Every structure is written in structure tokens, then in C-alpha cells.
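The structure appears below as C-alpha cells.
Keep in mind the model is a prediction, meaning the values are calculated, not measured.
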Amino acid sequence: MAEANPLRGLPRIQRAAMSFPGHLHLVLVLRPKTQLQTTGTDLGFRFSQDDFALKMPMVMLSSLTDLLRFIDENQLSTEFGGTLEECHSDWIVLQTAIESFAVNVKEIAQLLQTFGTELSEMELPDEASGIEYLLRSHTEKYRQMKTHHVPFVSCRLVAQLRDMEMAFDGFFEKHHLKLQQYLQLLQYEMSFHEVQTRKHSLLFLQEEMGHAQIIILHGHQLAASHHYALALIVQRCNELRHQSDTLTTALRAKRASLTHIRDLLLRLEEGAYLLANQLLDKFQSKEGAQAALQDIEKLMKTDPSVLQSNPDILICFLFCPHIFLPLSLLCYCPCIPRFCSHVMKELIETERIYVDELLSVLLGYRAEMDNPYLSNIMPSVLRNKKEELFGNLPEIYKFHSRIFMQDLQSCFETPERVGERFLERKENFQVYECYCQNKPRSDALWRQCSDSAFIQECKKKLDHKLGLDSYLLKPVQRLTKYQLLLKELLKHSSNSQYASELQGALNAMLDLLKSVNDSMHQIAITGYEGELSDLGRVLMQGSFNVWINHRKGPTRMKDMARFKPMQRHLFLHERALLFCKKREESGEAHNRTASYSFKHCLMMSAVGITENVKGDVKKFEIWYNGKEEVYVVQASTVDVKTAWLTEIRKILHNQQKIDKGSYTAFPFLLTSVLNSELVFLN
């Protein structure tokens, strides 16, 4: 029995309309003219009353000419008076294939919709193994759908399919990233809660504190990768850091209390030790008895600072086999590591805070300059100016977070050895010179955008109490902090075998600070036509009173009549000495920046000096080209003069070695007996 046709019984035109993939907007009916056409048409198609009841326009045409008024001849076959070469059977095959392709596309769209709904509506499991299973299963299903084969038929449908594929690829990538980040967050939360539950175990306290630091560092790495749960991760890091700090503070208080008790016990032990070692023969004379009493009184009055320097001395004093050592030398006992823990702790803690602050600036300000959601409030003056505003701050953060922080932590038990770490990283610290050279440009840009909505929005998100300019000053302040802490360590480690390394590290930091300061002045020089970099490194810079005297050739009257000195700012390079005039830019006092107008350049290869000038101990002479030009320079103090002469001597000495190819102690030193001056010739 034949299956019933669902279209049977419907008007013919309505049945034809339902077989088209699109909607019909107009029906053109061509009436036949000849008897043959009439008969043929009647056999194939007859109108019914229902055909004319359709809700669409229908136009009855009496000739092919009328048809050409509605349809271009290029779109009509020859039997209808057109020029289109068309094979009806081929058209049927193509149309059938297109309809089949459209069905496939529809099925694929439904599959994608179903899969997308499944991904978006699923509930995420609470276990890492469940997330890992979802990642594997979803990725496999995604790959299977990507290999689904569809024959090429229609360019338009293929383009639609390609767009649909690209849209789904983007959706799946976001979903896959979300699952990965959720897995990372789940693992991070597990580590966080594990530390939370174990942090009070004193037996594993040191290990757990180190574990907490690793978790905080991991949180920083997740935050730097733009994790979707950035706020939660930062909150967890802050919680863990606060709890660690709280525990550290409590331990310090407990340590102080125990230290006080220990000191009392030590005083008693020391008194007993002193009395037990008094020789009986010593008391047979008045002088001996008085000496013994003086020792006891001295013990009662003296603060046991030696004992307070290290709590492990109590254990050593009671149980160490080296107890024969005098009390004053007990701190040198081989069993006791000497260290300045409070200074080292401050260095490590402030380093951690410094790294955190750098990261907050990079994520909260610098990265936000690429945030499309904030582009509408970004001031035009800031666009494409990340390098100018922040300089090489990412490079500084990378050095401290990945290298130097670990260096400092490795010296926690042996603070005196931190000097070696500073010296090992001496070259790395040169990143600060580049940062400070960019600082004037950064400050100028900051002044133009400090009140912008973008800067204020970033500050609000970070909950910063200080402005961005304060945080951009942190690297400069950090260099100053290093030299202060190194001085403190050196003061408490003067007898250490590592004291020379600490002194070297301190000198290196002081040299870096000076170099940074000098380079910041150098970039403000204007009017010099050559390349300043060709003159070598800046060794010294400062302001002086200067008189010029031309001793050869015609002397200008104004040079002879100049009794009032010129104010000049001198820059001593490795290969030249620059004379500049300092100028202050107009503006508010706190916004003024100095610039230096170039005046003269003396190449060091043609320079000589006279160290002493009669009548003023702060003056010295710099002469040029065999005293053709003589510059009398007056320093602000004798110390400043001495420092400059020392550097100039080094330059001239090195040049002499290069010129002669051999070293002699003072190849260019002459002593003028007549005027007691030291004259350096080149």
C-alpha cells in the first residue's frame, strides 16, 4: 500500500511553493496561445479556485514579451525567449544536491547547538579528576565534529558553514580555557586550604612557611596570565600573606619573651661560672679579693649584649664542648652561626613587598592600557605610550621576582653572604640606569594624564592609597634602601669573613646610585651636536665656579675683565669634559626640571691639571692644548675637589698606559718646587 503524500489535496501552486527552500513573493503565469500549448498545459497543470486564493501576488501574462518585462533575458532559457543556456536535468541534479547539502548544514548546526548547550549548561565538578575527564572528553568530541565531512556544493552555504565553524571554534576555545583555568583554580584552592589547616603545626613551621611563599608566587603567576578569577586569587594571596605576617609577629613576640627569660638564666649561669672559676689563692691578698669583687660588679652592671646577639648561645653555653671559651668570645664558637637576622628579615620582607607592588602596577595599570573595555576612557596622550610611561619596569620585575628574591631567601640563615649575591647580580642591576634615564619623560607624561578617568579607574580597582607616580618612584627608592640595609649588615658583621664582600656590595650600590644620578643629569644636556654616547660613561657631574684664561694668542678683553666667575655644570666623561650652563624650566616648583645648555668640550687626550691654586684650597686648574686655554675651577668643598682630581688622574693615567703600552707608577707627575704645585702632563 503506497504511503500517503502529505502534500496531496493542497492547491498545486501551494504545493510548488512548499517545495522551494525560500519564500515565494510573486507568481507569474504565462497563458498558452496555440491549441497545442493549451492541451499540453492543461495536461500538466490546471488552476483551481483555491490556487487564486493564495495570499501572494499573481500576475497573468499573455506573451513572452510580457514575461521579459519582469525577468531579464539573461535569466531565461531559450524556450522562454531568453539567452540562458540551461539543461533542466542538470539543474534538477544540482538543486537536489544543494537541498541535500542544506539538510546536512542544518543537521550540523543542530549538533553544534546541542553540543554548545551541553557545554554552557553543564555543572562543573568539585574534584580535579572530574575536570580532567571533561577536558579529555570534550576535546575528543570537538575533534570528531571537526572531521565531519560535507561535500562542496554551494559557495554561499559553504561560507555559512565556515562562519558557523569559526564561531564554534571561538566558543570552544573559550570553554576549554575556562575549564583549564577552573582546574588551576581548584588546585590552587586545595593548596591554600592545605596550608590553612597545617600552618599552626610548629614541627613543620619552617617548611610550611616556605610552602606558603610558593603558593603566593603561584598565585602571582596565575594573575599574570589574566586568569578569570583574578580577584579571588589576589584575595587568597593577600589572606595567606596576612596570616603569615600575623604568625611571624606572634613568633617574634614569643621569641622576645623567651629571650628575656634566657638572658636571666644566662646571667645566673655566668655568675655561677665566674664564682666557680675564682682561684682560692686569689683571695689570700687584699688586691686579689678586690679584683674578684670588681669582676662580679662588672658582671652585674654590664648588659649581656654578646649573649643577646644569638639565642643559640644558651644551648652552646650549657651543652657545647667548646665551653672553655671566655664569655666575650663565645659568639665565635664553631657551633654557632653568626648572623644579623633582623636586618636580613627586613631585606627579604621589603623585597617581597616591592615585587608585589611592581606586579600590581604592571597588571593594574600597564596591562589595562590594552583592555578594550577601557579604551573609551583612555586619554589620547596615553595611547601607545606604555614604554614611555613605564620604561623597562617589566624587566626590573622579571629580575627581582625570578632571580633576586630567591638570592635573598637563600641567605636567610647566613646574612653575611648576601654581599656575594649583590656582586653576582651587579650587571643585572644596570636595568635601573635605563629606567632612571626614562624617568623625566615618564614624569612629564604622568603630569598630562594624572587626573584622567582611566588612571582613576585603575587606581580604584587596585584600591591603592597612593597615586601611580608614587609607585613609579619605588625602583629609585629601592636602590637607596639596599645601600642602607647593606650598611646595617656591615656594621654588625665587621669581624665576619664575608665583610669584604659586604663592603664590595655596598660600594657597588653606591656606585650605581651615583651612576644613575649622573645619567639622569646627562640626558638633560641640550645643544651638543655629537653623540654623547661617544664620550664614554659619565664618571662625575656637579656645579662649579669657573674662570677662563686664554694664555696664548690674542686675549679677549671680556676674559681679562671677568672677575665674577661663571656658573657651570661639569660632566666628566671617560673621554671628554663638558662645560654646560644649568637652566631651570618654568612652572610650579615641584614640576620644574633642570636642563643643561652645552658650552665647551675638552677632550681628555689634550687635558692637564694643576692641583693647587694659590689663595684658595678649593680651586684647581684644568688646562687644554698645552695651556692654550686654562680653566680655573672652584669646588664647593675640598672633598669635592679631591674626588674630581682623583677621577681625572685615573683617566689621564689610563690614557698614558694606552699611549706607551706599558705601566709606570706616575709617568706624568712633575713636582714644581717653586710654587708647590702638582702638575699632570699628558
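- With K398 contributing its side chain and L393 its backbone, the two residues share no donor-acceptor pair below 3.5 Å.
- Atom CZ of F412 sits about 6.0 Å away from atom CD1 of I348, to the nearest 0.5 Å.
- Between the N392 side chain and the V431 main chain, a donor and an acceptor come within less than 3.5 Å of each other.
- Counting only heavy atoms from C-beta outward, the side chains of V538 and L572 never approach each other to under 4.5 Å.
- Shortest non-hydrogen contact noted between C580 and I525 is SG-CG2, 4.3 Å.
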Show me the donor-acceptor pairs within less than 3.5 Å that the side chains of residues 420-430 make with the rest of the protein, sequence neighbours left out.
residue: R425; atom: NE; partner: D407; partner atom: OD2; Å: 2.6
residue: R425; atom: NH2; partner: D407; partner atom: OD1; Å: 3.4
residue: R425; atom: NH2; partner: D407; partner atom: OD2; Å: 3.4

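- Applying ring-ring contact (aromatic ring centres under 6.0 Å, His included) to F571 and the options Y596, F598, W644 leaves one that passes, Y596.
- The side-chain heavy atoms of R478 and I396, taken from C-beta on, include no pair separated by under 4.5 Å.
- Under the ring-ring contact (aromatic ring centres under 6.0 Å, His included) criterion, the residue pairs touching residues 343-369 are Y354-H400, with sequence neighbours excluded.
- Residues S442 and F390 fail the side-chain proximity criterion, which asks for heavy atoms closer than 4.5 Å.
- Residue L479 holds its CG atom at 5.5 Å from OH of Y432, rounded to the nearest 0.5 Å.
- Heavy-atom minimum distance, E574 versus I651: O-CG2, 3.5 Å.
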Q: Evaluate the criterion side-chain contact (heavy atoms from CB on, under 4.5 Å) for residue pair V630 and I548; output intermediate values, then yes/no.
A: CA-CA 6 Å; V630 178; I548 302 178; over 6 Å; no

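- Side-chain N/O atoms of Q503 and N507 include a donor and acceptor closer than 3.5 Å.
- For S401 against M405, the heavy-atom pair with the smallest separation is O-CB, 4.3 Å.
- At distances below 3.5 Å, not a single donor-acceptor pair connects side-chain atoms of T414 with backbone N or O atoms of E416.
- Expressed to the nearest 0.5 Å, how far CD of Q541 lies from CG of D518 amounts to 4.5 Å.
- Among residues at least two apart or in separate chains, salt bridge (Lys or Arg N to Asp or Glu O under 4.0 Å) pairs with a member in residues 359-374 are R366-E387, E368-K461, D370-K386.
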Q. Between S360 and H464, is a side-chain contact (heavy atoms from CB on, under 4.5 Å) present by the stated rule, with each step listed?
A. CA-CA 9 Å; S360 70; H464 278 178; 3.5 Å; yes

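- Of the N and O atoms on the side chains of Q437 and Y435, not one donor lies less than 3.5 Å from an acceptor on the other residue.
- The line from CG of L506 to CG of D511 is 9.5 Å long, rounded to the nearest 0.5 Å.
- The shortest non-hydrogen separation linking Q483 to M509 is CB-CB, 4.2 Å.
- Electrostatic pairing of K439 and D443 counts as a salt bridge here, judged by a charged N lying under 4.0 Å from a carboxylate O.
- In D534, the CG atom is crowded: over 12 heavy atoms of neighbouring residues, nucleotides or ligands sit closer than 6.0 Å.
- Classified by interplanar angle (parallel below 30°, tilted 30° to 60°, perpendicular above 60°), the ring pair H521/H569 is parallel.
- Contact check on E351 versus K481 returns no salt bridge, with no Lys/Arg side-chain nitrogen under 4.0 Å from an Asp/Glu carboxylate oxygen.
- Between L577 and V607 there is no side-chain heavy-atom pair separated by less than 4.5 Å.
- At least one donor-acceptor pair under 3.5 Å links the side chain of T350 to the backbone N or O of E346.
- Between E647 and K650, at least one side-chain nitrogen of the basic residue sits less than 4.0 Å from a carboxylate oxygen of the acidic one, meeting the salt-bridge criterion.
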Q: Start with the C-alpha distance between H573 and Q522, add both sets of side-chain angles, then the distance that settles side-chain contact (heavy atoms from CB on, under 4.5 Å), and finish with yes or no.
A: CA-CA 10 Å; H573 294 252; Q522 181 197 19; 3.2 Å; yes

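- A donor atom on one side chain and an acceptor atom on the other are found under 3.5 Å apart for S597 and R583.
- The cationic group of K564 does not satisfy the cation-pi geometry with W547, failing either the under 6.0 Å distance to the six-membered ring centre or the 45° limit from the ring axis.
- Between N438 and I523 the shortest side-chain heavy-atom distance does not fall below 4.5 Å.
- Side-chain contact check for D616 and Q634: at least one donor-acceptor pair (N or O, by modelled atom type) lies under 3.5 Å.
- Scanning both residues, L408 and M344, for their nearest heavy atoms gives O-CE, 3.4 Å.
- Ion pairing between E357 and K474 holds under the 4.0 Å rule for side-chain N and carboxylate O.
- Within 6.0 Å of atom CD in Q477, more than 12 heavy atoms from other residues, nucleotides or ligands are found, so the atom counts as buried in its surroundings.
- The residues E488 and K491 are annotated as salt-bridged, a charged nitrogen and a carboxylate oxygen being separated by less than 4.0 angstrom.
- Within the 4.5 Å cutoff, side-chain heavy atoms of I622 are placed close to those of F620.
- Side chain to side chain, Q567 and N545 meet the donor-acceptor criterion of an N or O pair below 3.5 Å.
- Remark: the backbone N or O of M603 is paired with a side-chain donor or acceptor of Y624 at under 3.5 angstrom.
- The minimum heavy-atom distance between E433 and S515, with the atom names listed, is OE1-OG, 3.1 Å.
- The shortest side-chain heavy-atom distance between S452 and I377 does not fall under the 4.5 Å cut-off.
- Separation of atoms CG (N549) and CH2 (W623) is listed at 14.5 Å; rounding is to 0.5 Å.
- With rounding to the nearest 0.5 angstrom, the NZ atom of K599 is 6.0 Å from the CZ atom of R568.
- At a threshold of 4.5 Å between non-hydrogen side-chain atoms, the residues L532 and L578 count as touching.
- R383 places a side-chain N or O within 3.5 Å of a backbone atom of S375 that can act as its donor or acceptor partner.
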Q) Passes side-chain contact (heavy atoms from CB on, under 4.5 Å), W446 versus I455? Steps please. A) CA-CA 10 Å; W446 160 253; I455 294 294; 3.7 Å; yes

